Amino acid sequence: MKKIIVIPGDGIGKEITDSAVAVLKKVDEKFNIGLEFEYRDAGGASYDKYGEPLTAETLEACKAADAVLFGAVGGPKWDNIEVSKRPEKALFGLRKGLGLYGNLRPVKIYDALIDGSPLKPEIVAGSDILIVRELVGGIYFGERCESEFVDGVERAWDTEIYSVPEIERIVKLGFESAQKRRKKLTSVDKANVLASSRLWRRVVKEMAKNYPDVELNLMYVDNCAAQLAINPKQFDVIVTSNMFGDILSDEFAAIGGSLGLLPSASIGELTSFFESISGSAPDIAGKNIANPIGCILSAAMLLRFSLKEEKAAHAVEMAVDKTLADGFRTAEIYKDGLKKCSTTEMTQAIVDRI
Ligand code: NAD
């Protein structure tokens, strides 16, 4: 059996993970994978029960599992509690505890939703990009100084450090992801200014010799941000550092339209972690109107990356494509003339198409 820990969390987390589990159960029936689900709390739900956003038992259960399917955490109910107990701390605890070193965010522009993108249809049509972001190193984790005085002038600083093994680990994920897609990798850095980027670039070039089937392109981050708006179709897989990935992945997400549509995977040393890129959406929680597609596509990534069930992953992605093409829309992407549906109706439509 393959053990999946399901962490609904807070807000719409329960609704969207229920949808993803319904889809996984259908896929299990069809492809005979042998899935087993175990539910755990995190975030506000865990704080309310145990006084902690993430318990040691939950972390241990995740470490021992084949994969973790996560909803979202946070909400106004917990906004004023002590910082160390805030729901979002559960995410940091899981990232650190599971050694989640690489974040994968695919952004695909569905023909059916093309007018939801802020870019012109002729520019954005057919874009299908995977961004691979380093998640546990670089400037977000380097030594820093909040305030010091030098010659009477206050200043602050951060440091970006990358070691060769850290770069190799994430770049390998980039090359391997490209091999499974259209075999094109763009490595994004700022090697014209930063020493850490020059090392990054040197390692990437060296590693490229082991992946002759992948076309490599080296790009500065400022150019990449511009190219995304000018010609997003040129990209297949992008690999980059923690901070550049943080910024670029949000820019990429914006061209996709709704937050509720986009999945993500965080690849770990012990296990991997799958979640929609949106938060807990407290404004719509409990109303059965959240878009479950981001979480359902995260489940497809779980099948692909953790369970190596490529056919099953593809079946889920095709069912989502077909459901959108057939006109089903949750409230936030609804347009006149289409089929307005609830979370559960959208889920059923997808399940029926697997
Ligand atoms: P959010 O992503 O929850 O919501 C932003 C907007 O997008 C809202 O209007 C919401 O209704 C809409 N939206 C989000 N997901 C949707 C979906 N599936 N279907 C339809 N509409 C959807 O961001 P926020 O409002 O800034 O944050 C709310 C809470 O979520 C906060 O407590 C924040 O800390 C937390 N948060 C959690 C995560 C996580 O668990 N990974 C990530 C980001 C924010």
Side-chain angles (χ1 to χ4, degrees), residues 5-20 22-23 40-48 53-54 58 62 68-96 98 100 103-105 107 110 113 116 118 133 135 245-246 249-250 253-254 256-266 272-299 301 320 323-324 328-335 338 340-347 349-350:
I5 301 287
V6 182
I7 302 182
D10 309 316
I12 60 167
K14 175 166 180 352
E15 294 155 75
I16 60 176
T17 49
D18 278 353
S19 298
V23 166
R40 293 276 170 172
D41 290 308
S46 173
Y47 175 79
D48 287 349
L54 178 71
T58 296
C62 291
V68 180
L69 179 70
F70 189 83
V73 290
K77 181 176 173 196
W78 305 281
D79 275 354
N80 296 317
I81 62 177
E82 187 197 319
V83 174
S84 68
K85 308 276 184 193
R86 294 279 299 267
E88 293 76 8
K89 288 283 169 193
L91 276 173
F92 292 104
L94 285 161
R95 274 185 195 169
K96 192 161 174 259
L98 301 178
L100 303 177
N103 183 243
L104 308 186
R105 271 206 204 180
V107 178
Y110 294 93
L113 298 178
R133 166 189 169 194
L135 206 56
D246 188 12
S249 60
D250 269 22
S258 166
L259 274 179
L261 285 168
L262 298 177
S264 77
S266 296
S272 297
F273 179 92
F274 301 85
E275 59 169 341
S276 155
I277 69 157
S278 80
S280 58
D283 52 334
I284 58 166
K287 296 182 179 160
N288 195 24
I289 58 171
N291 192 334
I293 289 180
C295 197
I296 289 172
L297 291 174
S298 303
M301 294 185 84
V320 169
T323 305
L324 290 171
F328 289 85
R329 299 286 187 278
T330 40
E332 92 292 2
I333 51 170
Y334 174 73
K335 295 236 158 54
L338 297 168
K340 192 171 191 176
C341 62
S342 64
T343 310
T344 43
E345 286 163 346
M346 177 66 98
T347 306
I350 295 169

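As the structure lists them, so they are numbered: ligands from 1, and atoms in each ligand from 1. Just so you know, these numbers use all the heavy atoms, side chains as well, and skip hydrogens, waters and symmetry mates. Fair warning: this is a prediction, and the values are worked out from it, not measured in the lab.
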Tyr334 six-ring centre to Lys340 NZ/CZ under 6.0 Å and within 45° of normal: yes

Ionic contact status for Lys77 with Asp48, cut-off 4.0 Å: yes

Any residue meeting ring pair (Phe, Tyr, Trp, His ring centres under 6.0 Å) with Phe274, in chain and number order, not counting sequence neighbours: none

Those residues that, when tested against Lys96, pass side chain to side chain contact (heavy atoms under 4.5 Å, CB included) (two or more places apart): none

Side chain to side chain contact (heavy atoms under 4.5 Å, CB included) partners of Ala90, counting only residues at least two apart: Ala42, Pro53, Leu54

Once you restrict both partners to nitrogen or oxygen, which atoms of ligand 1 have a protein partner under 3.5 Å, and how far apart are they?
residue	atom	partner	partner atom	Å
ligand 1	2 (O)	Gly279	N	2.7
ligand 1	3 (O)	Gly279	N	3.4
ligand 1	3 (O)	Ser280	N	3.2
ligand 1	3 (O)	Ala281	N	2.8
ligand 1	9 (O)	Asp283	OD2	3.0
ligand 1	11 (O)	Asp283	OD1	2.9
ligand 1	11 (O)	Asp283	OD2	3.0
ligand 1	15 (N)	Ser278	OG	3.1
ligand 1	18 (N)	Asn291	O	3.0
ligand 1	19 (N)	Asn291	N	2.9
ligand 1	30 (O)	Ser280	N	3.1
ligand 1	30 (O)	Ser280	OG	3.2
ligand 1	32 (O)	Gly75	N	3.2
ligand 1	32 (O)	Glu88	OE2	3.3
ligand 1	34 (O)	Glu88	OE2	2.5
ligand 1	40 (O)	Val73	N	2.9
ligand 1	41 (N)	Glu275	OE1	3.1

Arg40 side-chain N/O to Val6 backbone N/O, donor-acceptor pair under 3.5 Å: no

